[in-house]
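Order of the sequence lines fixes the chain letters, A, B, ..., with proteins taken first and strands second; residue numbering starts at 1 for each chain. Here the structure is a predicted model, which is why all the values come from computation and not from measurement.
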Number of protein chains: 2
Amino acid sequence: MEHRIERIKKQLHAQSYKLTPQREATVRVLLEREEDHLSAEDVYLLVKEKAPEIGLATVYRTLELLSELKIVDKINFGDGVSRYDLRKEGATHFHHHLVCMECGSVEEIDEDLLEDVEKIVQTDWGFKVKDHRLTFHGICRVCQAAEKEEDLEAAAVQVNRTS
Amino acid sequence: MEHRIERIKKQLHAQSYKLTPQREATVRVLLEREEDHLSAEDVYLLVKEKAPEIGLATVYRTLELLSELKIVDKINFGDGVSRYDLRKEGATHFHHHLVCMECGSVEEIDEDLLEDVEKIVQTDWGFKVKDHRLTFHGICRVCQAAEKEEDLEAAAVQVNRTS
DNA sequence: TAACTATTTATAATAATTATAATTTGACAC
DNA sequence: GTGTCAAATTATAATTATTATAAATAGTTA
């Protein structure tokens, strides 16, 4: 944790930004909740626990700054709120997401998976790829199991009826 | 054009929705500007030219409806506005986008390209993929050429100076 | 024609985000 | 240490996109 804070501090200093207490508190929240996909509001509420005097605008500005420095990625899953996602250390690309259409859960995929596709885009479309956003919408493992369960129960009812 | 309107009319009727004059005007705008990625506001302004009495809320509702019926796809390029993109006739998947970080242009890719990746996601993550959103951010062909141009000019200045 | 439902309009409300002005903080010169 | 300055923050207002509400309209069926 401290190590990553240090690294981020250096990244900020490299662009002559400071790691103010407010910014540090924000980064800490992001590190602690790395698995989640927090909205600015979410971050604000969590940061307030550490630094109650912080303002919402500061959180927005901090997230914007971290986003410009590619420390976090800003992503939108179509619910009208921007969410902020820490980039893994050393990752050159943004990771992918699996959004469940049933339960709304969001899973991350760190593997690249797009190397071949990006090559095709570069050669066939002449587009120099710098970054990507890939999100799959579908049914997660858990909800698939639940559906199967329901189907079995429905089938059982059928059998009871006809027998 | 008329043929596609007819098809959309049928798709609406199949779910017992009607193709009202307002809805038809909206669909016509989307068809005419198929290459663009219009926001609700953009659509509203264009529809107003055909049907000046239409209300913004109706446009929103219509786009929402078309989106539910998978006639259009709602997409967000990170500028805080939802954009609406007609699905190609018969397309089962949403097409991909190339967003230029220099000039902001948006190009479309109709090829699927993700078949292999989706297979991997299904088998390795147990996630049943229903749809996807893939956007590449980078430099388009035109801006790359412009950059090369600039580099050449800069080099020429160097040569003039040192000679 | 009357009754009913879906749709639309006009407007208000909400929610997310950004801008503004005043204040605070921290670094550096003296 | 004190004064000065720029950057950052706070509190608040403003803006923007979107959604909700109530009344009016249109189209359909009995």
Side-chain angles (χ1 to χ4, degrees), chain A residues 8-29 37-69 71-85, chain B residues 8-29 37-69 71-85:
Chain A
I8 289 169
K9 189 171 182 177
K10 277 182 194 144
Q11 284 176 269
L12 284 167
H13 285 166
Q15 313 275 330
S16 60
Y17 292 112
K18 305 172 203 165
L19 184 65
T20 63
Q22 291 89 340
R23 286 177 183 166
E24 183 172 335
T26 306
V27 168
R28 278 183 192 280
V29 163
H37 297 84
L38 304 172
S39 67
E41 186 82 29
D42 294 337
V43 175
Y44 172 61
L45 293 173
L46 289 165
V47 175
K48 257 181 121 65
E49 293 174 9
K50 290 183 198 303
E53 75 293 349
I54 202 171
L56 177 58
T58 302
V59 171
Y60 268 102
R61 262 190 319 259
T62 302
L63 291 170
E64 196 54 39
L65 176 62
L66 295 173
S67 183
E68 272 164 31
L69 298 183
I71 294 166
V72 308
D73 285 293
K74 193 173 172 181
I75 193 171
N76 195 302
F77 290 124
D79 57 353
V81 220
S82 293
R83 299 178 177 279
Y84 298 85
D85 212 352
Chain B
I8 290 169
K9 189 170 181 176
K10 276 182 194 144
Q11 283 177 269
L12 284 167
H13 285 168
Q15 313 274 331
S16 60
Y17 292 112
K18 304 173 201 162
L19 185 65
T20 63
Q22 291 89 338
R23 287 177 183 166
E24 182 172 335
T26 306
V27 168
R28 279 184 192 278
V29 163
H37 298 83
L38 304 171
S39 67
E41 185 83 27
D42 294 337
V43 175
Y44 172 60
L45 293 173
L46 290 165
V47 175
K48 258 182 121 64
E49 293 174 8
K50 289 182 199 304
E53 75 295 348
I54 202 171
L56 178 57
T58 302
V59 171
Y60 269 101
R61 262 191 318 260
T62 301
L63 290 171
E64 195 56 38
L65 175 62
L66 294 173
S67 183
E68 272 162 31
L69 299 183
I71 294 168
V72 307
D73 285 293
K74 194 173 172 181
I75 192 170
N76 194 301
F77 290 124
D79 58 353
V81 222
S82 294
R83 296 176 179 282
Y84 299 85
D85 212 354

For atom [atom1] of [X] and atom [atom2] of [N], their distance in whole Å:
{"X": "Asn76(A)", "N": "dA15(C)", "atom1": "CG", "atom2": "C1'", "value": "14 Å"}
{"X": "Tyr60(B)", "N": "dT8(C)", "atom1": "OH", "atom2": "P", "value": "16 Å"}
{"X": "Glu64(A)", "N": "dA16(C)", "atom1": "CD", "atom2": "P", "value": "17 Å"}
{"X": "Tyr44(A)", "N": "dT12(D)", "atom1": "OH", "atom2": "P", "value": "11 Å"}
{"X": "Glu68(A)", "N": "dT18(C)", "atom1": "CD", "atom2": "P", "value": "11 Å"}
{"X": "Leu66(A)", "N": "dA8(D)", "atom1": "CG", "atom2": "C1'", "value": "14 Å"}
{"X": "Asp79(B)", "N": "dA16(C)", "atom1": "CG", "atom2": "P", "value": "18 Å"}

* Determine yes or no for a side-chain-to-main-chain donor-acceptor pair under 3.5 angstrom, with Arg23(A) supplying the side chain and Thr62(A) the backbone. =>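 A pair under 3.5 Å: no.
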
Taking all non-hydrogen atoms of both residues, which atom of [X] and which atom of [Y] are closest, and how far apart?
{"X": "Lys74(B)", "Y": "Ser67(B)", "result": "CB-OG, 4.0 Å"}
{"X": "Gln11(B)", "Y": "Ile71(B)", "result": "NE2-CG1, 3.7 Å"}
{"X": "His13(B)", "Y": "Leu19(B)", "result": "NE2-N, 4.3 Å"}
{"X": "Val47(B)", "Y": "Thr26(B)", "result": "CG2-CA, 3.8 Å"}
{"X": "Val72(A)", "Y": "Tyr84(A)", "result": "CG2-CD2, 4.2 Å"}
{"X": "Ala40(B)", "Y": "Leu56(B)", "result": "O-CD1, 4.5 Å"}

* Using the closest heavy atom to pick a nucleotide of DNA chain D for each, name whichever of Glu41(B) or Thr58(A) lands nearer the 5' end. => Thr58(A)

* DNA chain C contacts among residues 10-19 of chain A, heavy-atom distance under 4.0 Å ->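 Within this stretch, nothing sits under 4.0 Å of the strand.
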
* Among residues 21-28 of chain A, which contact DNA chain C at a heavy-atom distance under 4.0 Å? ->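 Heavy-atom cutoff 4.0 Å gives no residues at all.
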
* With heavy atoms under 4.0 Å as the rule, sort Ser39(A) into base, sugar-phosphate or nothing. => nothing

* Within the structure, does a side-chain N or O atom of Ser82(B) lie under 4.0 Å from either OP1 or OP2 of dT18(D)? -> yes

* Asked: Within the structure, does a side-chain N or O atom of Thr20(B) lie under 4.0 Å from either OP1 or OP2 of dT8(C)?
  -> yes

* Asked: Counting side-chain heavy atoms from C-beta on, which of dA20(D), dT10(D), dT18(D) comes nearest to Ala57(A)?
  ->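 Taking heavy atoms from C-beta onward, the closest nucleotide is dT10(D).
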
* So, Thr58(B) and Arg61(B): side-chain donor and acceptor under 3.5 Å apart, yes or no? -> yes

* Asked: Is Lys9(B) atom NZ crowded by more than 12 heavy atoms from other residues, nucleotides or ligands, each under 6.0 Å away?
  ->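 No, because the 6.0 Å sphere around NZ of Lys9(B) holds 12 heavy atoms or fewer from other groups.
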
* Neighbour count >12 (heavy atoms, 6.0 Å) for atom CZ, Phe77(B) ->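 More than 12 within 6.0 Å, yes.
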
* State which residue, out of Asp42(A), Val43(A), Leu38(A), Asn76(A), fulfils the side chain to side chain contact (heavy atoms under 4.5 Å, CB included) condition with Arg83(A). =>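 Single side chain to side chain contact (heavy atoms under 4.5 Å, CB included) partner of Arg83(A) among Asp42(A), Val43(A), Leu38(A), Asn76(A): Asp42(A).
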
* Asked: Yes or no on side chain to side chain contact (heavy atoms under 4.5 Å, CB included) for Ile75(B) and Asp73(B), after CA distance, side-chain angles and deciding distance?
  -> CA-CA 6 Å; Ile75(B) 192 170; Asp73(B) 285 293; 5.8 Å; no

* **Sorted by number, the residues of residues 45-56 of chain B with heavy-atom contact under 4.0 Å to DNA chain D** => Leu56(B)

